[in-house]
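A short worksheet on the structure shown next.
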Amino acid sequence: MKYLRLLIIITLFASCSKNIYQVSKNTYHKKAKQLGKSLVKIAPDTIGNRTTKVIESQNFNLRKPNIVVIHHTAQDSCMQTYKTFALERTQVSSHYVICDDGTITQMLHDLVRGWHAGNGSWGKNTDINSSSIGIELDNNGTEPFSYAQINSLTSLLEKLSTKYKIPAQNIIGHSDIAPGRKTDPSALFPWKSLAESGFGIWYDEEDLKTVTLPVDFDTTLALKYIGYNTSNIKNAIYSFKLHFNSDEVSHELSEKDKKILFLVMKEV
Ligand SMILES: [Zn+2]
């Protein structure tokens with residue numbers, strides 16, 4: 001009797017989670033079809049007091065992403081993340097999820113707008129979801145990122161960068177685009193080694209020993225030049241340090257941080 005009850009619970013749980021993914025898959029197909037349909041016809045619009053004329057051109061393709069935003073899931077397993085992104089009520093998603101063992105799961109087509117970035121900006125880009133691909137790394141935020149996971153991430157970035165011509169400085173973290181609101185990926189994320197593989201930027205560490213700052217060096221302008229939103233300067237500094245000096249994260253710039261900032265600016 002005890003086993004029968006257990007079996008019923010397990011069967012119910014399995015069919016329930018299967019249902020979540022089936023519903024998500026069906027809705028994905030339906031939405032993709034609707035989007036396709038909405039592109040077929042250009043409806044006349046009213047601009048000022050004029051109605052637009054429509055003459056279709058045959059020369060086009062789909063717009064491509066130009067930014068990659070890296071996240072950590074802050075969850076305990078890939079299964080948990082799949083479920084989060086499959087459920088309608090969460091209203092969040094990402095194009096890719098990379099598990100601890102290096103498994104790469106694609107959950108959205110590269111050319112659709114995922115819901116991973118939220119409010120944020122990078123340089124003059126103010127709608128990051130529209131121009132980016134989101135990559136979620138299965139990580140609870142306090143553990144190191146596994147070798148297999150970073151290896152898979154590097155391979156994925158290689159593919160995406162080549163396919164969409166994504167510039168190195170546009171491979172960034174969630175915290176970079178949303179200072180004060182997001183702190184992922186965590187301070188344990190290996191930005192330096194990623195940049196050594198050609199993804200993201202890093203400064204010349206040899207130059208750090210000898211560089212002298214210009215007397216009129218404007219740190220706010222430098223952060224802005226790299227891409228940070230500086231409307232709250234302390235938050236911008238925190239995000240910058242989380243990325244480029246993660247051993248000494250704080251809301252203040254030390255002399256060393258200023259030098260790092262100056263050298264990072266030169267890499268953009
Ligand atoms: Zn995130």
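This is a predicted model, so every value here is computed, not measured. Numbering of ligands and ligand atoms starts at 1, following listing order. Index from 1, following the sequence.
Within the coordination shell of the Zn ion (ligand 1), defined by N, O or S atoms under 2.8 Å, Glu136 is absent. For the Zn ion (ligand 1), the set of nearby N, O or S atoms under 2.8 Å includes none belonging to His72. With 2.8 Å as the limit, His71 counts as an N, O or S neighbour of the Zn ion (ligand 1).
Restricting His174 to its N/O/S atoms, the shortest distance to the Zn ion (ligand 1) is reached by ND1. Distances from the Zn ion (ligand 1) to each N, O or S atom of Asp184 single out OD2 as the nearest.
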Any chance you could lay out the side-chain contact (heavy atoms from CB on, under 4.5 Å) test for Ile233 and Leu223, step after step, and finish with the verdict? CA-CA 9 Å; Ile233 191 63; Leu223 285 163; 3.7 Å; yes

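Ring planes of His116 and His71: perpendicular class, angle over 60° (limits at 30 and 60°).
Note that NZ of Lys159 is 8.5 Å distant from CD1 of Ile104, once rounded to the nearest 0.5 Å.
Residue Val249 is found in a hydrophobic cluster whose other members, listed by chain and number, are Tyr238, Leu242; membership requires side-chain heavy atoms under 4.5 Å apart, directly or through intermediates. Hydrophobic clustering, defined by side-chain heavy atoms of Ile, Leu, Val, Met, Phe, Trp and Tyr closer than 4.5 Å, groups Leu108 together with Tyr28, Val112.
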